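Report on the following structure.
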Amino acid sequence: MTMLFFWGLFLFFAGLEGGKKGLKFLAGKSIESRISRYTDNFFICILIGIVVTGILQSSSAVSVIIISLVEAKLIKLKPAIGVIMGANIGTTLTVQIISLPVLSFYPYLLLTGVFFMITGIVLDKKFLNAGFVIFSFGILFSGLKTMTTFFNTRNTSLLIKKILFFSGKNNYLGILTGGITTAIIQSSSIITGITVSIAHSGLITLPVAIAIALGSNIGTCITALLASINIGKTGRAVALGHLIFNLAGVLVMLPFLNYFIRLVLVTGNSLPRQIANAHTLF
(Lines give C-alpha, C1' and ligand atoms only; values in the text may rest on other atoms or scores of the structure.)
Protein backbone atom coordinates (compact mmCIF):
# COMPACT_ATOMS: atom_id res chain seq x y z
CA MET A 1 0.00 0.00 0.00
CA THR A 2 2.98 2.33 0.54
CA MET A 3 3.66 2.15 -3.20
CA LEU A 4 0.15 3.55 -3.75
CA PHE A 5 1.15 6.75 -1.93
CA PHE A 6 4.42 7.12 -3.85
CA TRP A 7 2.63 6.43 -7.13
CA GLY A 8 0.09 9.14 -6.29
CA LEU A 9 2.88 11.52 -5.26
CA PHE A 10 4.73 10.80 -8.51
CA LEU A 11 1.58 11.52 -10.57
CA PHE A 12 0.97 14.73 -8.60
CA PHE A 13 4.57 15.88 -9.09
CA ALA A 14 4.59 14.91 -12.79
CA GLY A 15 1.31 16.76 -13.37
CA LEU A 16 2.58 19.83 -11.53
CA GLU A 17 5.82 19.90 -13.54
CA GLY A 18 3.96 19.30 -16.81
CA GLY A 19 1.53 22.12 -16.02
CA LYS A 20 4.43 24.49 -15.32
CA LYS A 21 6.15 23.73 -18.61
CA GLY A 22 2.92 23.89 -20.63
CA LEU A 23 1.91 27.23 -19.13
CA LYS A 24 5.41 28.59 -19.72
CA PHE A 25 5.17 27.62 -23.41
CA LEU A 26 1.74 29.28 -23.59
CA ALA A 27 3.21 32.44 -22.06
CA GLY A 28 5.35 32.79 -25.18
CA LYS A 29 8.50 34.87 -24.81
CA SER A 30 11.05 34.45 -22.08
CA ILE A 31 9.60 34.89 -18.59
CA GLU A 32 12.88 36.44 -17.44
CA SER A 33 12.81 39.22 -20.06
CA ARG A 34 9.20 40.05 -19.23
CA ILE A 35 10.00 40.41 -15.54
CA SER A 36 13.01 42.67 -16.15
CA ARG A 37 11.02 44.91 -18.52
CA TYR A 38 8.36 46.11 -16.05
CA THR A 39 10.08 46.80 -12.75
CA ASP A 40 9.83 50.58 -12.35
CA ASN A 41 6.76 50.51 -10.08
CA PHE A 42 6.93 48.50 -6.82
CA PHE A 43 3.24 47.54 -6.95
CA ILE A 44 3.61 46.44 -10.56
CA CYS A 45 6.46 44.23 -9.36
CA ILE A 46 4.12 42.59 -6.83
CA LEU A 47 1.55 42.04 -9.60
CA ILE A 48 4.27 40.54 -11.83
CA GLY A 49 5.18 38.16 -9.00
CA ILE A 50 1.54 37.05 -8.68
CA VAL A 51 1.04 36.52 -12.42
CA VAL A 52 4.39 34.82 -13.15
CA THR A 53 4.06 32.50 -10.15
CA GLY A 54 0.51 31.71 -11.26
CA ILE A 55 2.01 30.65 -14.61
CA LEU A 56 4.99 28.74 -13.24
CA GLN A 57 3.06 27.48 -10.16
CA SER A 58 6.21 27.72 -8.07
CA SER A 59 7.36 30.60 -5.90
CA SER A 60 10.71 28.80 -5.56
CA ALA A 61 11.23 28.88 -9.33
CA VAL A 62 10.39 32.60 -9.43
CA SER A 63 12.79 33.36 -6.56
CA VAL A 64 15.63 31.58 -8.41
CA ILE A 65 14.82 33.54 -11.61
CA ILE A 66 14.83 36.81 -9.63
CA ILE A 67 18.20 36.02 -8.06
CA SER A 68 19.67 35.37 -11.53
CA LEU A 69 18.20 38.66 -12.83
CA VAL A 70 19.64 40.59 -9.87
CA GLU A 71 23.03 38.97 -10.39
CA ALA A 72 22.90 39.95 -14.08
CA LYS A 73 22.08 43.52 -12.95
CA LEU A 74 18.84 43.48 -14.97
CA ILE A 75 16.75 44.52 -11.95
CA LYS A 76 17.58 46.13 -8.59
CA LEU A 77 17.01 44.82 -5.08
CA LYS A 78 13.79 46.73 -4.28
CA PRO A 79 11.75 45.56 -7.32
CA ALA A 80 13.19 42.06 -6.84
CA ILE A 81 11.75 41.93 -3.31
CA GLY A 82 8.43 43.20 -4.72
CA VAL A 83 8.26 40.32 -7.22
CA ILE A 84 9.02 37.81 -4.45
CA MET A 85 6.25 39.32 -2.29
CA GLY A 86 3.87 38.81 -5.20
CA ALA A 87 5.18 35.27 -5.70
CA ASN A 88 3.98 34.38 -2.21
CA ILE A 89 0.45 35.32 -3.27
CA GLY A 90 0.69 33.73 -6.72
CA THR A 91 1.72 30.35 -5.31
CA THR A 92 -1.64 30.08 -3.53
CA LEU A 93 -3.32 29.67 -6.95
CA THR A 94 -2.10 26.06 -7.03
CA VAL A 95 -3.75 25.38 -3.67
CA GLN A 96 -7.01 26.94 -4.83
CA ILE A 97 -7.05 24.71 -7.93
CA ILE A 98 -6.31 21.43 -6.14
CA SER A 99 -8.89 22.19 -3.42
CA LEU A 100 -11.74 22.27 -5.95
CA PRO A 101 -14.16 19.31 -5.75
CA VAL A 102 -13.03 17.91 -9.10
CA LEU A 103 -10.78 14.98 -8.13
CA SER A 104 -13.18 12.42 -9.62
CA PHE A 105 -13.30 14.31 -12.94
CA TYR A 106 -9.64 13.71 -13.82
CA PRO A 107 -10.49 11.20 -16.63
CA TYR A 108 -12.42 13.97 -18.42
CA LEU A 109 -9.43 16.31 -18.08
CA LEU A 110 -7.16 13.62 -19.52
CA LEU A 111 -9.49 13.02 -22.48
CA THR A 112 -9.93 16.75 -23.09
CA GLY A 113 -6.18 17.25 -22.95
CA VAL A 114 -5.57 14.47 -25.47
CA PHE A 115 -8.26 15.94 -27.78
CA PHE A 116 -6.64 19.40 -27.69
CA MET A 117 -3.15 17.94 -28.23
CA ILE A 118 -4.31 16.01 -31.30
CA THR A 119 -6.07 19.16 -32.57
CA GLY A 120 -2.87 21.11 -31.97
CA ILE A 121 -0.81 18.67 -34.03
CA VAL A 122 -3.21 19.14 -36.94
CA LEU A 123 -4.09 22.86 -36.60
CA ASP A 124 -2.15 25.13 -34.24
CA LYS A 125 0.66 24.57 -31.73
CA LYS A 126 -1.21 26.71 -29.16
CA PHE A 127 -3.89 24.00 -28.96
CA LEU A 128 -1.12 21.46 -28.39
CA ASN A 129 0.29 23.48 -25.46
CA ALA A 130 -3.18 24.11 -24.01
CA GLY A 131 -3.97 20.40 -24.29
CA PHE A 132 -0.72 19.53 -22.55
CA VAL A 133 -1.64 21.85 -19.64
CA ILE A 134 -5.14 20.31 -19.33
CA PHE A 135 -3.69 16.78 -19.56
CA SER A 136 -1.09 17.66 -16.88
CA PHE A 137 -3.81 18.85 -14.50
CA GLY A 138 -5.63 15.58 -15.15
CA ILE A 139 -2.47 13.72 -14.09
CA LEU A 140 -2.15 16.01 -11.05
CA PHE A 141 -5.75 15.35 -9.93
CA SER A 142 -5.34 11.60 -10.49
CA GLY A 143 -2.30 11.73 -8.18
CA LEU A 144 -4.31 13.54 -5.52
CA LYS A 145 -7.10 10.97 -5.90
CA THR A 146 -4.59 8.12 -5.51
CA MET A 147 -3.07 9.66 -2.38
CA THR A 148 -6.56 10.20 -0.94
CA THR A 149 -7.30 6.49 -1.50
CA PHE A 150 -4.06 5.63 0.29
CA PHE A 151 -4.91 7.85 3.27
CA ASN A 152 -8.38 6.24 3.51
CA THR A 153 -6.94 2.80 4.33
CA ARG A 154 -7.33 1.89 8.01
CA ASN A 155 -3.66 1.38 9.00
CA THR A 156 -2.54 4.51 7.17
CA SER A 157 -5.30 6.68 8.62
CA LEU A 158 -4.34 5.57 12.16
CA LEU A 159 -0.66 6.40 11.49
CA ILE A 160 -1.50 9.80 9.98
CA LYS A 161 -3.78 10.61 12.92
CA LYS A 162 -0.93 9.85 15.35
CA ILE A 163 1.54 12.03 13.41
CA LEU A 164 -0.93 14.90 13.09
CA PHE A 165 -1.91 14.57 16.75
CA PHE A 166 1.76 15.07 17.64
CA SER A 167 2.02 18.04 15.24
CA GLY A 168 -1.22 19.51 16.53
CA LYS A 169 -0.27 19.60 20.20
CA ASN A 170 0.76 23.20 19.64
CA ASN A 171 1.09 25.56 16.71
CA TYR A 172 4.89 25.59 16.86
CA LEU A 173 5.12 21.85 16.24
CA GLY A 174 2.78 22.16 13.26
CA ILE A 175 4.84 25.02 11.83
CA LEU A 176 8.04 23.03 12.42
CA THR A 177 6.54 19.99 10.63
CA GLY A 178 5.53 22.11 7.62
CA GLY A 179 8.87 23.91 7.52
CA ILE A 180 11.10 20.83 7.71
CA THR A 181 9.13 18.72 5.22
CA THR A 182 8.96 21.60 2.72
CA ALA A 183 12.69 22.30 3.11
CA ILE A 184 13.44 18.62 2.38
CA ILE A 185 11.10 18.31 -0.63
CA GLN A 186 11.69 21.94 -1.73
CA SER A 187 8.09 22.40 -2.83
CA SER A 188 5.35 23.95 -0.71
CA SER A 189 2.86 22.94 -3.46
CA ILE A 190 3.57 19.24 -2.90
CA ILE A 191 3.26 19.58 0.89
CA THR A 192 -0.01 21.47 0.45
CA GLY A 193 -1.21 18.84 -2.04
CA ILE A 194 -0.56 16.09 0.51
CA THR A 195 -2.33 18.18 3.18
CA VAL A 196 -5.39 18.64 0.93
CA SER A 197 -5.42 14.87 0.21
CA ILE A 198 -5.40 14.21 3.97
CA ALA A 199 -8.20 16.77 4.33
CA HIS A 200 -10.28 14.92 1.72
CA SER A 201 -9.88 11.84 3.90
CA GLY A 202 -11.04 13.75 7.00
CA LEU A 203 -7.84 13.07 8.93
CA ILE A 204 -6.72 16.63 9.66
CA THR A 205 -8.15 19.64 11.47
CA LEU A 206 -8.08 23.21 10.16
CA PRO A 207 -5.72 24.56 12.89
CA VAL A 208 -3.13 21.84 12.15
CA ALA A 209 -3.45 22.41 8.38
CA ILE A 210 -2.94 26.16 8.83
CA ALA A 211 0.11 25.60 11.06
CA ILE A 212 1.63 23.27 8.43
CA ALA A 213 0.89 25.86 5.71
CA LEU A 214 2.60 28.58 7.76
CA GLY A 215 5.64 26.34 8.21
CA SER A 216 5.75 25.51 4.50
CA ASN A 217 5.95 29.24 3.73
CA ILE A 218 9.20 29.33 5.70
CA GLY A 219 10.52 26.01 4.38
CA THR A 220 10.05 27.03 0.74
CA CYS A 221 12.74 29.71 1.20
CA ILE A 222 15.41 26.99 1.22
CA THR A 223 15.48 26.89 -2.59
CA ALA A 224 16.37 30.58 -2.86
CA LEU A 225 18.93 30.26 -0.07
CA LEU A 226 20.60 27.33 -1.86
CA ALA A 227 20.55 29.29 -5.14
CA SER A 228 22.28 32.22 -3.40
CA ILE A 229 25.35 30.19 -2.42
CA ASN A 230 28.54 31.38 -4.16
CA ILE A 231 26.90 34.43 -5.73
CA GLY A 232 27.15 38.18 -5.13
CA LYS A 233 26.01 40.25 -2.17
CA THR A 234 22.82 41.51 -3.83
CA GLY A 235 21.72 38.00 -4.84
CA ARG A 236 22.19 36.82 -1.26
CA ALA A 237 20.19 39.85 -0.07
CA VAL A 238 17.25 38.76 -2.27
CA ALA A 239 17.30 35.25 -0.80
CA LEU A 240 17.58 36.64 2.74
CA GLY A 241 14.76 39.09 2.01
CA HIS A 242 12.57 36.16 0.93
CA LEU A 243 13.26 34.37 4.22
CA ILE A 244 12.75 37.49 6.38
CA PHE A 245 9.47 38.37 4.63
CA ASN A 246 8.01 34.86 5.08
CA LEU A 247 9.32 34.43 8.62
CA ALA A 248 8.03 37.86 9.68
CA GLY A 249 4.61 37.02 8.22
CA VAL A 250 4.38 33.87 10.35
CA LEU A 251 5.56 35.67 13.52
CA VAL A 252 3.02 38.47 13.01
CA MET A 253 0.25 35.90 12.45
CA LEU A 254 0.92 33.77 15.55
CA PRO A 255 -0.72 36.06 18.20
CA PHE A 256 -3.87 36.30 16.06
CA LEU A 257 -4.00 32.69 14.90
CA ASN A 258 -7.25 31.80 16.71
CA TYR A 259 -9.01 34.84 15.23
CA PHE A 260 -7.62 33.94 11.81
CA ILE A 261 -9.00 30.39 12.12
CA ARG A 262 -12.46 31.79 12.95
CA LEU A 263 -12.29 34.00 9.89
CA VAL A 264 -11.26 31.10 7.63
CA LEU A 265 -14.10 28.90 8.93
CA VAL A 266 -16.71 31.20 7.35
CA THR A 267 -14.98 31.30 3.93
CA GLY A 268 -15.91 27.79 2.81
CA ASN A 269 -18.04 24.74 3.59
CA SER A 270 -15.37 22.06 3.04
CA LEU A 271 -12.03 21.63 4.78
CA PRO A 272 -9.98 21.59 1.53
CA ARG A 273 -11.57 24.93 0.52
CA GLN A 274 -10.88 26.39 3.97
CA ILE A 275 -7.21 25.29 3.76
CA ALA A 276 -6.87 26.92 0.32
CA ASN A 277 -8.56 30.13 1.51
CA ALA A 278 -6.36 30.24 4.62
CA HIS A 279 -3.28 30.01 2.40
CA THR A 280 -4.48 32.84 0.15
CA LEU A 281 -5.66 35.09 3.00
CA PHE A 282 -2.37 34.68 4.85
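From a predicted model like this one, the values you see are computed outputs, not experimental measurements. Heavy-atom basis, side chains included; hydrogens, waters and symmetry copies ignored.
Pairing each heavy atom of Ile81 with each of Gly241, the nearest pair is CD1-CA, 4.0 Å. A pairwise comparison of heavy atoms in Pro255 and Leu251 identifies CD-O, 3.3 Å as the closest pair. The minimum heavy-atom distance linking Ile84 with Asn88 is given by the pair O-ND2, 2.8 Å. In terms of heavy atoms, Val70 sits closest to Val238 at CG2-CG2, 3.7 Å. Smallest separation of non-hydrogen atoms from Leu110 and Ile139: CD2-N, 3.7 Å. Scanning all heavy atoms of the two residues, the minimum distance from Ser142 to Leu11 falls at OG-CD1, 3.8 Å.
Going from atom CG of Leu109 over to atom OG1 of Thr112 covers 6.0 Å, rounded to the nearest 0.5 Å. Rounding to the nearest 0.5 Å places CG of Leu254 at 11.5 Å from CZ of Phe260. To the nearest 0.5 angstrom, Ile212 atom CD1 is 11.0 Å from Leu176 atom CG. Here Thr205 contributes atom OG1 and Ile210 contributes atom CD1; the two are 9.0 Å apart, rounded to the nearest 0.5 Å.
Side-chain atoms of Thr119 come within 3.5 Å of backbone atoms of Phe115 as a donor-acceptor pair (strictly under, hydrogens ignored). Checking side-chain atoms of Thr92 against main-chain N and O of Ile89 turns up a donor-acceptor pair under 3.5 Å. For Thr53 (side chain) and Gly49 (main-chain N/O), a donor-acceptor pair under 3.5 Å exists by modelled atom type.
Between Leu257 and Met253 there is a side-chain heavy-atom pair separated by less than 4.5 Å. For the pair Asn129/Met117, no side-chain contact is recorded, criterion being any heavy-atom separation below 4.5 Å from C-beta on. Using a 4.5 Å heavy-atom cutoff, the side chains of Val208 and Thr177 are not in contact.
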Query - Worked verdict on Phe116 versus Phe135 for side-chain contact (heavy atoms from CB on, under 4.5 Å) - result: CA-CA 9 Å; Phe116 271 91; Phe135 184 82; over 6 Å; no
**Report entry** Derivation and outcome, side-chain contact (heavy atoms from CB on, under 4.5 Å), residues Met85 and Phe42
**Finding:** CA-CA 10 Å; Met85 287 172 68; Phe42 187 74; 3.7 Å; yes
Query raised in the report: Yes or no on side-chain contact (heavy atoms from CB on, under 4.5 Å) for Val250 and Ile218, after CA distance, side-chain angles and deciding distance?
Result: CA-CA 8 Å; Val250 172; Ile218 300 172; 3.8 Å; yes
Requested in this report: Could you walk me through whether Phe127 and Ile118 pass side-chain contact (heavy atoms from CB on, under 4.5 Å), step by step?
Outcome: CA-CA 8 Å; Phe127 284 103; Ile118 293 172; over 6 Å; no
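No option in Val51, Ile50, Ile46, Ile44 other than Ile44 meets the side chain to side chain contact (heavy atoms under 4.5 Å, CB included) test with Ile48. Each of Val266, Ile261, Val264 was evaluated against Gln274; a single residue qualifies, Val264, per the side chain to side chain contact (heavy atoms under 4.5 Å, CB included) test.
Cluster annotation: Val133 is not connected to Leu111 through the hydrophobic network of ILVMFWY side chains, with a link wherever side-chain heavy atoms come within less than 4.5 Å. Hydrophobic clustering (ILVMFWY, side-chain heavy atoms < 4.5 Å, transitive): Phe43 and Ile66 are in one cluster.
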